J.: 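Dropping a structure here in structure tokens format, bear with me for questions.
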Amino acid sequence: MIRVRDPHPWPTTEAEAVAIQERLRPLVRFDGEPREIRTAAGLDVAYRDESDELVAAVTVLDVATLSVVDSAVVRGKAEFPYVPGLFAFREAPSLLQALAELSVEPDVLVCDGQGLAHPRRFGLACHLGVLTDVPSIGVGKTAMGHYEPPGEERGAWTPLRLDDEVVGRALRTQRGVKPVFVSVGHRFTLDAACDLVLRLAPKYRLPETTRTADHLGRSALR
DNA sequence: GCGACAG
DNA sequence: ATCTTGTCGC
């Protein structure tokens, strides 16, 4: 099962949160996962009203069949206000609880947000990856950085740049739809991350991992 | 000073 | 994130 390796005290101020990110950032590992990726977890959080009550949902999919083999739902509250760049401090506590409830340990965490494509190179995917030591990637719906539009065909991509540095890719998962923004979280390569996202998104813009987690969270909110 | 800013 | 009708496409 998944264990949280380095439970740090949760910050109260933005300055504390930034300090935690800078302390944990060196722990990110960039080597790829040598094992075959058979299962992938989707993580998502649904909110009631503008914020406050939330539901963290995790689904584990068999990558070959895209069927859900495990899931967990945790009701909680936002532990931090929404601040771009400090997103993990809002959602990570409930997501970590949900991950701890899984009976199947996934081979990778597919996070709804960024990994290295982050002002301090430590987005939600990096944070969850380092805390659990489970390989992770970030798949965002909005870019943090600049990119040229990739070709229209499925699988086309362009580099995503932030501060004159390549931090991820804009990846077209379906023709005629806006690309998704893929970045590495922990113990995963960018090439493998994009391959995985394309396998997880055969029909829709977003990977099935995030879609199933999103559906699960929304239904639990009612 | 003004705009931008993961979910 | 969430509030929301109709509409286009498979």
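Order of the sequence lines sets the chain letters (A, B, ...), proteins ahead of strands, with each chain counted from 1. Every value quoted in this text rests on a predicted model; they were computed, and no experiment measured them. Heavy-atom basis, side chains included; hydrogens, waters and symmetry copies ignored.
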J.: How do A:Lys203 and A:Arg218 order along DNA chain C: which one's closest nucleotide is nearer the 5' end?
T.: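 With A:Lys203 and A:Arg218 compared, the 5'-side residue is A:Arg218.
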J.: Would you say A:His186 and A:Asp133 are linked by a side-chain donor-acceptor pair, where the criterion is simply a distance under 3.5 Å?
T.: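 Short answer, yes.
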J.: Is the number of heavy atoms from other residues, nucleotides or ligands within 6.0 Å of CZ (A:Arg161) greater than 12?
T.: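 Incorrect, the count does not exceed 12.
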J.: Nearest whole angstrom, please: distance from the P of B:dC5 to the CZ of A:Arg120.
T.: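 Roughly 16 Å, once rounded to whole Å.
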J.: When the distance from OH of A:Tyr82 to P of B:dA4 is rounded to whole Å, what number comes out?
T.: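 Nearest whole value for this atom pair: 14 Å.
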J.: Do A:Tyr47 and A:Glu91 get their side chains close enough for a donor-acceptor pair, meaning under 3.5 Å?
T.: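 Note: A:Tyr47 and A:Glu91 side chains meet the donor-acceptor criterion.
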J.: When you check the phosphate oxygens OP1 and OP2 of B:dG7, does a side-chain N or O of A:Thr142 lie under 4.0 Å from one of them?
T.: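 For B:dG7, OP1/OP2 do have a side-chain N/O of A:Thr142 under 4.0 Å.
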J.: At what distance, to the nearest 0.5 angstrom, does CG of A:Leu221 lie from CZ of A:Arg48?
T.: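 Going from the CG atom of A:Leu221 to the CZ atom of A:Arg48 covers 4.5 Å.
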J.: Would you classify A:Gly138 as touching base, sugar-phosphate or nothing, given that sugar-phosphate means primed atoms plus P, OP1 and OP2, and contacts are heavy atoms under 4.0 Å?
T.: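 A:Gly138: no heavy atom of the nucleic acid under 4.0 Å.
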J.: Identify whether any heavy atom of A:Leu124 sits under 4.0 Å from a base atom; if not, whether one sits that close to sugar-phosphate; answer base, sugar-phosphate or nothing.
T.: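 Base contact - A:Leu124 has a heavy atom under 4.0 Å of at least one base atom.
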J.: Rounded to the nearest Å, what distance is computed from the CD atom of residue A:Glu14 to the C1' atom of nucleotide B:dC5?
T.: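 About 12 Å, once rounded to whole Å.
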J.: Side chain of A:Asp44 only, heavy atoms from C-beta on: which candidate in B:dG7, C:dT2, B:dA6 is closest?
T.: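 Nucleotide nearest to A:Asp44's side chain: B:dG7.
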J.: Rounded to whole Å, how long is the line connecting atom CZ of A:Arg48 with atom P of C:dT2?
T.: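 In whole Å, C:dT2 P and A:Arg48 CZ are 11 Å from each other.
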J.: Cation-pi check for A:Tyr147 against A:Arg169: NZ or CZ below 6.0 Å from the six-membered ring centre and within 45 degrees of the axis, yes or no?
T.: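 No.
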J.: Counting Watson-Crick and G-U wobble pairs whose two distances are both under 3.5 Å, find the runs of 3 or more in a row that involve DNA chain C.
T.: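 The stems that DNA chain C takes part in number none, since no run reaches 3 pairs.
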J.: At 4.0 Å (heavy atoms only), tell me whether A:Gly123 reaches a base, stays on the sugar-phosphate, or touches nothing.
T.: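 If one applies the 4.0 Å heavy-atom cut-off, A:Gly123 turns out to touch a base.
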J.: Judged by modelled atom types alone, do A:Asp70 and A:Ser103 share a side-chain donor-acceptor pair under 3.5 Å?
T.: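 On atom types as modelled, these side chains qualify, holding a pair under 3.5 Å.
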J.: Are the ring of A:Phe87 and the base ring of B:dG7 both nearer than 5.5 Å at their centres and tilted by less than 30°?
T.: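 Stacking is absent between B:dG7 and A:Phe87, given that the ring centres and planes do not meet under 5.5 Å and under 30°.
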J.: Take atom CD of A:Gln114 and atom C1' of B:dC5, then tell me their distance rounded to the nearest Å.
T.: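 In whole Å, B:dC5 C1' and A:Gln114 CD are 12 Å from each other.
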J.: Categorize A:Leu86 for me: base, sugar-phosphate, or nothing, with a 4.0 angstrom heavy-atom threshold over every strand shown.
T.: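 It contacts base atoms.
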J.: Verify the distance criterion only: is there a donor paired with an acceptor across the side chains of A:Arg120 and A:Gln21 at less than 3.5 Å?
T.: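 Side chains of A:Arg120 and A:Gln21: pair found under 3.5 Å.
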J.: What is the distance, rounded to the nearest whole Å, between atom NZ of A:Lys141 and atom P of B:dC5?
T.: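 About 16 Å, once rounded to whole Å.
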J.: How close or far is atom P of C:dA1 from atom CZ of A:Phe89, stated in whole angstroms?
T.: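 Rounded to whole Å, this separation is 21 Å.
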J.: A:Leu162 CG to B:dA4 C1': how many Å, rounded?
T.: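 After rounding, the gap between these two atoms is 12 Å.
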